[in-house]
Each structure stands twice: as C-alpha cells, then as structure tokens.
Amino acid sequence: MRVESVRGMRDILPEEARLWQALEAEIRSLVELYGYREIRPPLVELAELFSRGVGEATDIVHKEMYVFPDKKGQMLALRPEATASVVRAYIEHGLYAKGDLAKLYYIGPMFRYEKPQKGRQRQFHQYGVEALGSLDPALDAEVIDLAWHLMERVGLSREALVLRLNSIGCREDRPAYREALRSYFSARKDELCSDCQRRLEENPLRILDCKEPQCQSAIAGAPQSLDYLCEGCRKHLEELRGMLGDLGLAYELDPRLVRGIDYYTRTVFELCSRELGAQDALLGGGRYDDLVELLGGPPTPGVGFAGGMERLVLVLSQHRPANTASPALDVYVIPIGEEARKRALAILAQMRRKGVAADLDYMGRSLRKMMSVAARQARYALFLGPDELAQDRLTLKNLASGESRTLPRSEFLAHPQRFLS
RNA sequence: GGGAGCGUAGCUCAGCCUGGCAGAGCACCGCGCUGUGGACGCGGGGGUCGCGGGUUCAAGUCCCGUCGCUCCUCCCA
C-alpha cells in the first residue's frame, strides 16, 4: 500500500520552493531594516500556553488546535500561531531585563486543524513581527508601515490592498463594551445564528465578525467599540490615525473588525487583498498590552502582526507569471568515451571547489541527449574526449553564442570563473 | 462542522450521458546523429482509470460507501 501525505499537509516542490526562498529572503531583509531580529521558538509548546494566551473560547484553541499527551501525560500542542510562543520566550529568557524595546520576527510552520482549501492548509506558514516594551502609538504606526512596505516590496500595488483598522479598547473599557454588546444582542437573540447564540455567552465581540446573512441586520445596529474607549485609548487611536496620515498610508476605519484572538487590546488591523476571494486577509495584527503579564511576565505592552505565506505565494503567482527559469548551472560536463567519463568526476569536483555550479550526466544518456540537457540547464558545456585527454586540454562551449574554444586543463581549472563571463 | 463539483500516464485533459481492446497533446527515453543543441522525422516506455464494495456475460463508464482535491460556508494568515 502506498503511503500518502496527511490531509492538509502538503509538499512544496523545488519549483515552488524557489519562490518561497525569494519571498523569505525579502521578508528577512526588510524586517531587519526596521531593526527586527529573528527568533525561532519551538513548534511544540504546552497546550496551556495557547489556551491562556490565545484564549480558551477562540475557535483557534477550542476547535482547531492539535493537542496531544506526551509519554508523561503532559498536554502538548503544535503551535497554532507564534505570538504566544514569542512572548513565552521573551519572559523565559528575561529579554525585558535589557530595558529596551525587543523587536523580534519569525518565519515558520503553524498548525490548525481546519478544512483544507486553496491558500489554507493544516500545516501553513506564517511570518510575523513582535515589538515588546512600548505603548507609543508611533510604534503601531511603524508596524503598520512595515506591513505596507512589505507588501509593496514583494510586488503588490497599493491599489490591490486595503488596510482595515479598529480599536477594541483596553481591559478597563472592555467589560462595559462587552456588557453593552451582550445586552444589545440578548434582546435580538432569536435573530442570531446558532454560533452567535453561543458567542453571546462566550465572547460577544466575536458576533461582530459573523458573516451569516441572518445576523447582519442585528450587527448593523450594534454598539461600536469606538464609543466605549477610555480617554487613553481614544487618544492612542487619534494619534495613530494622525501618524498614518503623515505616512501617507490609507486605511478604512472598520468598527466591526475584532479578530479571532483574545489577547488583542486597542489597535487591531488587517491588510487585505482585493484580488482574493473569501480568504482575503494577507496579514493581521494589533496591540496586546496585557499578554506578557497574563503569561507571567512583568506588565509589558506589545504590538505586532502575522502574515500567511501560502496566501502571499498565491497572490504573487497571479502577479508574476512563472518566470522561465534561467539556467541554474554554469557548466555541464560532457565526457566522450569511458576514459573521459572516469576523469570527468575529478574535474567536476575541482570546478565546484572554485565556486562553479556544475553537473554531469549520471543517466547514461547519449551525447546528443547530454547536449540537449546542457542547453536547458547550463550556460556552458565542457567537453572532455579522447582528443582533449591526449592534449591535456578541455573544450568549453558557450551555449548561448555557440562559440567554443579549447583550453589547457590546468589553466581552466585554476581560475574557471575567468572563462565563464 | 454544513453544502456543491471533480479524481483517467509525470503534467493538462478526452473517453462516462448511451457498459464492449485505456486514448491525445506535452514531458520522458531510443534511433536517424558518442565529437556538439532546444528543430525535424521515425520508434519506444510508461496506467492498481483515487480506494473498497455492488449490479452485469462484461464496469474507466451504472449504483453505494470511502479517501483526497477544488469552490461556497465557517475560520482566519
């Protein structure tokens, strides 16, 4: 019986992996430009980290998280997101003790047990940044600027994107707002879908996010978090809006944006593609001023965002038509005859040690076929046959121009790059 | 979790309605042409028709189940 991959887990094959590598390189270089440094937390954490950090009542934790006992019976989880892990590491290693802003970024796989579809796998990949230690709205603005910059850098135009922004207040404002929502929706309970009736008890904020048509009219008239902000939160949002204006970053204030993770406070935002269907959010994030304390660290505010690699790859492949791969090799070695074949290996090894990307046929192909492969994969063909062996020379052919020249073996191998313009 | 569509060669797909030899194009390999190319010509290898069961003399085709993919919903990145 053939063993196949697990549902929702897919292979990224070499052709696609090139695009991933390029994207990852762009992300790394850009976030490092903003002062972020990489952190690589483990993929496995105590399940408790996420139930406390992300929230027991969220779909992510109670429906979608991979949870399993280890041999000692501890409940472990595959990380469904990375912010909680980064904050755990921040606390565990005392990064706050440096008394400075900690700017951290990550790229890696996350796991959620969802129904797979295009742009949404059970093992998926996110990149993200977290800035811990400052309450300054300028930091929110910088993080949002970074998000925009990143999308532009990878080739998306501003017109193809929309930034949605909201403030959901701090822990002082939340109870009053939550109560307002609960009493508002309680009066309209029979208009709500069954999920929202459950949310009414667990987390009424989430109702605002519901897309069920039957809930829309009730949602339309619901109290808005913006009306329940304390003076500090209101000021924070106003300053942020002013800074976004100064930065020339357009946004839509969306009072119904709440997001599916409990740790957010104040600023929440999403950067969405206008060209994707139902799964249009390319990245999302916000402020989480209580999370460090909630996980046992000193009171420390934070702000960050996470973006999905799969979705980015999807949008980009619509924009950048599969660029015909230019030859990956510098030289393809073509031996003629048995003796030459034996000698070819050592010549290959020497070229590679000089930094030349070179390869050889191991499939026993005919001369003609080797030429055909060389033409496709390399810029030069290097012939080694009885004539060359007799004179201790090599024949180098430029496959683009068709010109070839024969060179003393030792001269070529001493500085192969000189002959490979 | 709910709804719909689709699974046939490495890839894109035809064949299914109306049961009767498993096909095309591309890719791959060989030969023409082991001392030089992606063109051309000729030839060739490749398939548990997703999997399991049922109906039938006969199933890729009809029926049931199942798994997977895609889309909507949901969730979010």
Next item on the list: Would you tell me whether A:Thr83 and A:Tyr288 have side-chain atoms, one donor and one acceptor, within less than 3.5 Å of each other?
Entry: no

Check: Regarding A:Thr267 and A:Asp140, is there a side-chain donor-to-acceptor distance under 3.5 Å anywhere?
Finding: yes

Nucleotide paired to [N] in any strand shown, Watson-Crick or G-U, under 3.5 Å:
| N | answer |
| --- | --- |
| B:rG5 | B:rC69 |
| B:rC75 | none |
| B:rC33 | none |

Could you list the residues that satisfy ring pair (Phe, Tyr, Trp, His ring centres under 6.0 Å) with [X], not counting sequence neighbours?
| X | answer |
| --- | --- |
| A:Phe305 | none |
| A:Tyr96 | A:Tyr90 |
| A:Tyr36 | none |

Item checked: Spacing of CD belonging to A:Glu38 relative to CG belonging to A:Leu104, to within rounding of 0.5 Å -> 10.5 Å

Run the side-chain donor-acceptor check on residues 332-348 of chain A: report pairs under 3.5 Å with partners two or more places apart or on a different chain.
residue	atom	partner	partner atom	Å
A:Tyr332	OH	A:Asp361	N	3.4
A:Arg341	NH1	A:Asp361	O	3.3

Given atom [atom1] of [X] and atom [atom2] of [N], what is their separation to the nearest angstrom?
| X | N | atom1 | atom2 | result |
| --- | --- | --- | --- | --- |
| A:Tyr380 | B:rG37 | OH | P | 19 Å |
| A:Leu282 | B:rA77 | CG | C1' | 8 Å |
| A:Asp361 | B:rU36 | CG | P | 17 Å |
| A:Ile261 | B:rC75 | CD1 | P | 14 Å |
| A:Met9 | B:rC69 | CE | P | 11 Å |
| A:Glu114 | B:rC72 | CD | C1' | 15 Å |
| A:Phe111 | B:rA77 | CZ | C1' | 15 Å |
| A:Met65 | B:rC75 | CE | P | 19 Å |

Margin query: For A:Ser372 and A:Arg365: C-alpha separation, side-chain torsions, deciding distance, then whether side chain to side chain donor-acceptor pair (under 3.5 Å) applies.
Written below: CA-CA 10 Å; A:Ser372 155; A:Arg365 282 192 258 249; over 6 Å; no

Notebook entry, point to check: Tell me, which pairs form a side-chain hydrogen bond (donor to acceptor under 3.5 Å, both in side chains) where one or both residues lie in residues 50-61 of chain A, sequence neighbours left out?
Noted result: A:Glu48-A:Arg52

Note to self: Looking at A:Arg379 and A:Ser421, would you say the former's side chain and the latter's main chain have a donor-acceptor pair under 3.5 Å?
What the structure shows: yes

Notebook entry, point to check: Can you list every ring-ring contact (aromatic ring centres under 6.0 Å, His included) pair that touches residues 379-421 of chain A, not counting sequence neighbours?
Noted result: A:Phe412-A:Phe419

Note to self: Please find the pair of heavy atoms, one from A:Gly248 and one from A:Arg158, that lie closest to each other, and give the distance.
What the structure shows: O-NH1, 2.9 Å

Whole-angstrom distance between [N] and [M], as gauged at atom [atom1]:
| N | M | atom1 | answer |
| --- | --- | --- | --- |
| B:rU55 | B:rG10 | P | 32 Å |
| B:rC63 | B:rC75 | P | 35 Å |
| B:rC72 | B:rG15 | C1' | 30 Å |

Regarding [X], tell me which of base, sugar-phosphate or nothing describes its non-hydrogen contacts under 4.0 Å with the strands shown.
| X | value |
| --- | --- |
| A:Arg259 | sugar-phosphate |
| A:Gly119 | base |
| A:Leu283 | sugar-phosphate |

Next item on the list: When you get a sec, tell me which of B:rC71, B:rC28, B:rA77 is the closest nucleotide to the side chain of A:Arg376?
Entry: B:rC28

Check: To the side chain of A:Glu64, which of B:rG35, B:rA77, B:rC75 is closest?
Finding: B:rC75

Margin query: Just to verify, which of A:Tyr106, A:Phe111, A:Trp20 counts as forming a ring-ring contact (aromatic ring centres under 6.0 Å, His included) with A:His125?
Written below: A:Trp20

Sub-3.5 Å pairs of nitrogen or oxygen atoms, protein against nucleotides 42-52 of chain B:
none

Item checked: N or O in side chain of A:Gln117 less than 4.0 angstrom from B:rC69 OP1/OP2 -> no

Enumerate all atom pairs, one protein N or O and one N or O from nucleotides 1-6 of chain B, separated by less than 3.5 Å.
residue	atom	partner	partner atom	Å
B:rG2	N7	A:Lys115	NZ	3.3
B:rG2	O6	A:Lys115	NZ	3.0

Notebook entry, point to check: Looking at residues 365-374 of chain A, who's got a heavy atom less than 4.0 Å off RNA chain B?
Noted result: A:Arg365, A:Ser366, A:Leu367, A:Arg368, A:Lys369, A:Met371, A:Ser372

Checklist line | Selection: residues 385-409 of chain A, any non-hydrogen atom under 4.0 Å of RNA chain B | finding: A:Gly385, A:Pro386, A:Asp387, A:Glu388, A:Thr395, A:Lys397, A:Asn398, A:Leu399, A:Gly402

Item checked: A:Asp392: salt bridge (Lys or Arg N to Asp or Glu O under 4.0 Å) partners, not counting sequence neighbours -> A:Arg409

Note to self: Let's test your reading of the model: under 3.5 Å, does the base of B:rA77 pair with the side chain of A:Gln121 as donor and acceptor?
What the structure shows: no

Item checked: side chain to side chain donor-acceptor pair (under 3.5 Å) partners of A:Asn166, counting only residues at least two apart -> none

